[in-house]
Amino acid sequence: MSGFCVVAWGECGLNRGMTREYVVHGVGGGMPLRIDYAAELNPQQLAAVTAPPGPALVLAGAGSGKTRTLTYRVAYLIERGVSPERLLLLTFTNKAAREMMGRVTELVGSEPSRLWGGTFHSIGARVLRSHAELLGYRPDFTILDREDSEALLKVCVGAAGIDTKSVPFPKVEVVADLISRGTNERVGIGTLLERRRTGFEGMRGEIERVAALYAARKQAANVMDFDDLLALWLRLMDEIAEVRERYQRRFEFVMVDEYQDTNQIQSDLIDRLVGAHRHLMVVGDDSQSIYSWRGANFRNILDFPKRYPGAAIFKIETNYRSTPEILAVANAAIAANTEQFAKQLVAARKSGMKPALVPCEDAHQQAGFVAQRVVELHEEGIGLGGMAVLYRSHFHALEVQMEFTRRGIPFVITSGIRFFEQAHIKDVTAWLKWTANPADELSFKRMVLLLPGIGPRAGEKLWAAFGAAHERAKAEAGGDTAAVAPSLVAAGASAPRKSAPAWAQLTATIAQLEDPGVFGRPADMIRLVLEAFYEDYAEDTFANAAQRLEELNQLATYAGQFASLTDFLTQLSLLNNMEAEAEQRADQDDEDRVRLSTVHQAKGLEFDVVFAIMLGEGLFPSGRSLEDASAIEEERRLFYVTVTRAKDELYLCYPLLRFTQAQGMQRLMPSRFLDEIRSDLLEVWNLRSSGLSAGAWAVPGLGGGQADGKGEDPF
DNA sequence: GTTAGGGACGCCGGT
DNA sequence: CGTCCCTAAC
């Protein structure tokens with residue numbers, strides 16, 4: 001060995017007196033740090049990046065280089081001699097994980113392949129694959145999406161003998177939510193019921209019984225839902241000392257991004273992962289906590305210093321992203337919130353355009369304005385990829401979508417319907433899921449219900465018949481690995497007579513899928529299902545069969561990059577549409593399209609120009625939050641996130657009228673968040689009420705329009 | 001027992 | 001506007 005460098009860190013933090021040595025192989029002794037940290041980071045960032053081991057809280061305001069700090073921290077640790085496999089980098093979204101890993105790769109020069117980085121859920125899946133047996137699962141478990149888990153839960157409500165018609169019982173969605181919240185917040189269902197006062201307090205016992213049945217069913221089917229990826233991971237760490245010690249030893253440095261979005265189970269997981277060594281760095285911004293509805297508790301970040309006594313605290317407050325004008329609006333927007341760390345974002349950039357306040361008559365005029373302005377800005381040389389339209393809810397984008405389509409403005413939308421949750425995608429993947437995990441009852445039923453003449457009833461019978469046949473086959477084979485196709489043939493005896501030809505086709509297809517030459521190659525498996533069965537089925541079933549088949553072909557192409565079936569299926573379950581798309585075209589940068597996105601999905605992104613639309617009371621803040629002070633505070637944080645996405649230009653738009661099918665045309669109050677901004681921080685742009693054409697509005701400072709009606713009260 | 005068609009209803013957000 | 005549930009016909 002040519003040499004190794006030893007890094008000793010002692011005398012620091014709570015590890016006073018404890019000296020650790022890290023060895024990196026294959027580099028010359030005493031290798032100097034390749035990256036000039038002091039030159040590439042500001043003093044606040046540098047302090048965090050070079051922080052001594054031990055607990056550290058980094059409070060990084062919007063646009064202050066949070067990701068930069070975290071990636072440099074990883075690079076720094078690696079350069080200091082910490083082996084990449086000793087690091088764990090947890091993020092909240094797949095997007096953040098991908099970005100972070102990409103930047104680390106760039107910085108360090110080559111991909112630190114043994115560095116573990118990803119979302120809590122994906123890391124959980126990874127850990128559980130290795131230890132599933134310890135929890136009564138097999139390593140080939142499949143993952144339920146929301147739809148699947150609600151379907152299973154529905155079965156459990158029935159199995160619990162609850163007659164939902166004669167007894168008032170919450171809907172499955174509500175039961176699912178209760179179970180999920182209970183898991184994520186680590187509280188009992190009774191507590192949740194009392195907290196919500198929904199009137200179902202008396203149903204506590206029944207709901208708990210359903211929850212227990214649901215857990216048992218999942219285990220029997222060898223499937224996990226999203227929450228299990230966290231809950232079972234934590235159980236593993238809590239109950240099995242060997243596993244706990246193994247991961248605590250392995251991950252000597254744990255880093256967590258977006259810590260303000262962690263919920264109880266996630267912060268417990270973090271505690272369990274770092275154990276006694278406490279080399280934990282968490283990064284976040286309490287003002288950007290926007291996931292309380294799924295149990296995120298920004299108290300986690302507020303209380304971090306209490307939870308980890310002696311934690312070093314770093315504040316990074318220089319904002320490099322936005323103009324001072326935009327930052328002033330951001331600071332004004334968040335000021336009304338009472339519960340937050342005091343912090344002051346300091347602008348680093350020079351002055352720019354004052355953010356625009358754009359009252360519109362209705363959503364249609366608003367869409368016209370956005371489209372028109374996009375075209376103008378594009379002509380001024382701003383790339384379409386640098387522009388975004390942000391909104392509270394998916395359906396707010398409808399008019400803008402139509403207007404962009406009409407005018408031929410290229411855009412990408414983070415669609416409300418998830419690609420992987422569409423019927424045709426789920427139909428085909430059910431075949432793959434079931435061959436990967438023949439215990440998966442839901443996938444089996446989805447698959448067989450596609451056949452003509454087979455409904456829920458026949459599906460149930462076939463499932464039972466298959467189970468019996470397969471048990472026999474396994475016993476005869478003397479193991480656990482009998483092929484499933486022969487058992488399917490046997491089960492076919494209980495299929496309705498008229499479905500016999502289809503059943504023969506299905507068993508033949510499954511036999512082919514099981515063939516070692518095909519099994520485990522997801523792209524080939526998808527194509528096989530398409531050819532053998534689904535193309536015909538789609539033609540007969542869907543009006544837009546051609547489009548759906550095209551999407552399935554795309555799915556096959558996407559699947560081509562996966563070496564194993566399990567990897568592919570896991571990825572399918574954990575990635576949403578947009579992320580999969582982003583992965584697919586990661587190398588092409590033909591991204592010259594305006595982005596239409598919910599604020600939630602735009603978190604962590606930045607754009608030259610941001611159009612925030614539908615800023616009306618009941619839309620943003622959403623109607624459901626109006627009665628609840630803490631919900632309003634969360635909406636306000638969401639608004640803060642919206643504003644801080646903008647680098648150069650920000651347009652705050654709202655319609656004065658809103659059409660709902662329930663109440664027809666209604667007057668809409670502008671969002672309270674707009675009222676909270678001092679009026680001199682914004683420039684009012686008045687659109688002509690007669691509709692839109694080029695230059696139809698006052699464009700302060702751009703000379704593009706006439707200043708007619710400027711300053712006029714829009715009401 | 002299955003499927004097709006009509007009527008009611010809801011509509012935040014994401015792993 | 002689409003989904004879901006219920007009912008009536010195949």
Side-chain angles (χ1 to χ4, degrees), chain A residues 90-97 118-125 143-147 149-151 154 164-165 171-173 177 180 183-184 224-231 233 258 261-263 265-266 289-296 390-398 401-402 414-418 420-423 449-461 495-499 540-541 570-580 597-604 614 618-626 628 631 634-635 637-638 641-642 658-663:
Chain A
L90 289 167
T91 65
F92 195 69
T93 63
N94 294 295
K95 192 172 59 201
T119 63
F120 283 90
H121 291 85
S122 68
I123 299 288
I143 299 168
L144 300 179
D145 63 21
R146 201 241 226 64
E147 207 180 62
S149 64
E150 280 176 10
K154 201 170 188 173
T164 53
K165 284 193 187 102
K171 288 184 182 170
V172 271
E173 295 83 21
D177 187 53
S180 179
T183 305
N184 281 291
M224 296 185 191
D225 64 19
F226 282 126
D227 297 332
D228 288 329
L229 298 177
L230 305 182
W233 181 16
E258 308 276 20
D261 285 329
T262 53
N263 55 32
I265 198 169
Q266 287 166 327
S289 173
I290 57 174
Y291 286 102
S292 75
W293 47 272
R294 50 164 299 296
L390 304 183
Y391 37 85
R392 177 68 181 86
S393 314
H394 287 297
F395 71 94
H396 293 167
L398 199 72
Q401 231 176 304
M402 294 195 303
T414 61
S415 111
I417 322 135
R418 297 177 206 211
F420 296 136
E421 290 181 7
Q422 292 180 86
L449 282 173
L450 298 173
L451 305 185
I454 296 178
R457 208 85 180 206
E460 188 63 52
K461 275 192 199 163
R497 199 146 290 142
K498 82 171 184 187
S499 66
D540 295 341
T541 311
T570 304
Q571 196 76 340
L572 267 199
S573 307
L574 297 179
L575 278 193
N576 67 33
N577 180 19
M578 183 189 61
E579 284 155 348
S597 171
T598 62
V599 182
H600 281 95
Q601 287 185 320
K603 183 137 184 250
M614 294 293 192
L619 298 176
F620 197 166
S622 84
R624 292 196 182 194
S625 65
L626 297 177
D628 177 349
E634 172 138 328
E635 296 285 308
R637 291 192 291 270
L638 194 58
V641 170
T642 313
R658 175 201 184 197
F659 184 80
T660 57
Q661 71 273 46
Q663 285 142 319

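Protein chains get the first letters and strands the later ones, always in sequence-line order, with residue 1 at the start of each.
With rounding to whole Å, Arg392(A) atom CZ is found 14 Å from dC11(B) atom P. As a whole-Å value, the separation of Leu144(A) CG from dG14(B) P is 20 Å. With rounding to whole Å, Asn184(A) atom CG is found 11 Å from dG14(B) atom C1'. Spacing between atom CZ of Phe395(A) and atom P of dG13(B) amounts to 8 Å, rounded to whole angstrom units. Rounded to whole angstrom, the span from the CD atom of Glu258(A) across to the C1' atom of dT15(B) amounts to 14 Å. One atom, CG of Leu619(A), and another, P of dG13(B), lie 13 Å apart when rounded to the nearest Å. Atom-to-atom, CD of Glu460(A) to P of dG1(B) comes out at 12 Å; the value is rounded to the nearest Å. Straight-line distance from the CD atom of Gln266(A) to the P atom of dG14(B): 16 Å, rounded to whole Å.
In this structure, the nucleotide among dC5(C), dC11(B), dG14(B) sitting nearest to the side chain of Lys154(A) is dC5(C). For Ala458(A), the side-chain atoms get nearest to dT2(B) when compared with the rest of dG14(B), dC12(B), dT2(B). The side chain of Glu635(A) has dC12(B) as its nearest neighbour among dT15(B), dG14(B), dC12(B). In the set dT2(B), dG14(B), dC11(B), dT2(B) carries the atom at the smallest distance from any side-chain atom of Pro456(A).
Counting any heavy atom pair closer than 4.0 Å across all strands shown, Phe120(A) reaches no nucleic acid atom. At a threshold of 4.0 angstrom between heavy atoms, the contacts of Gly453(A) are confined to the sugar-phosphate backbone, with no base atom among them. Within 4.0 Å of Leu230(A), counting heavy atoms only, lies no atom of the nucleic acid at all.
Both stacking criteria are satisfied for Trp293(A) over the base of dG13(B): a centre-to-centre distance under 5.5 angstrom and an angle between ring planes under 30 degrees.
Annotation: the span from Asn184(A) atom CG to Gln266(A) atom CD amounts to 7.0 Å, rounded to 0.5 Å. The structure places NE2 of His396(A) at 13.0 Å from CG of Leu390(A), a figure rounded to the nearest 0.5 Å.
Salt bridge status for Lys154(A) with Glu150(A): absent, with no side-chain N to carboxylate O gap under 4.0 Å.
Looking only at atom types and distance, the side chain of Ser122(A) has a donor-acceptor partner in the side chain of Thr119(A) under 3.5 Å away.
Distances shown here put a side-chain N or O of Arg457(A) below 4.0 Å from the OP1 or OP2 atom of dG1(B). Thr598(A) has a side-chain polar atom (N or O) that falls below the 4.0 Å cut-off from OP1 or OP2 of dG14(B). Side-chain nitrogen and oxygen atoms of Gln601(A) include at least one within less than 4.0 Å of the OP1 or OP2 phosphate oxygen of dG14(B). At the phosphate of dT2(B), neither OP1 nor OP2 sits under 4.0 Å from any side-chain N or O atom of Lys461(A). Between His394(A) and dG14(B) there is a side-chain polar atom (N or O) within less than 4.0 angstrom of OP1 or OP2.
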Apply the test ring-ring contact (aromatic ring centres under 6.0 Å, His included) to residues Trp233(A) and His121(A): give CA-CA distance (whole Å), side-chain angles for both, the deciding distance (0.1 Å), then the verdict. CA-CA 9 Å; Trp233(A) 181 16; His121(A) 291 85; 9.3 Å; no
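A distance of about 15 Å separates the P atoms of dC4(C) and dG13(B), rounded to the whole Å.
The two residues Thr91(A) and Ala97(A) have their closest heavy-atom pair at OG1-CB, 3.3 Å.
For the pair Gly459(A) and Phe226(A), nearest-nucleotide mapping onto DNA chain B gives the more 5' position to Gly459(A). Comparing Ile290(A) and Lys498(A) along DNA chain B, the residue whose closest nucleotide (by nearest heavy atom) sits nearer the 5' end is Lys498(A).
Remark: the Arg146(A) side chain and the dG14(B) base include a donor-acceptor N/O pair separated by less than 3.5 Å.
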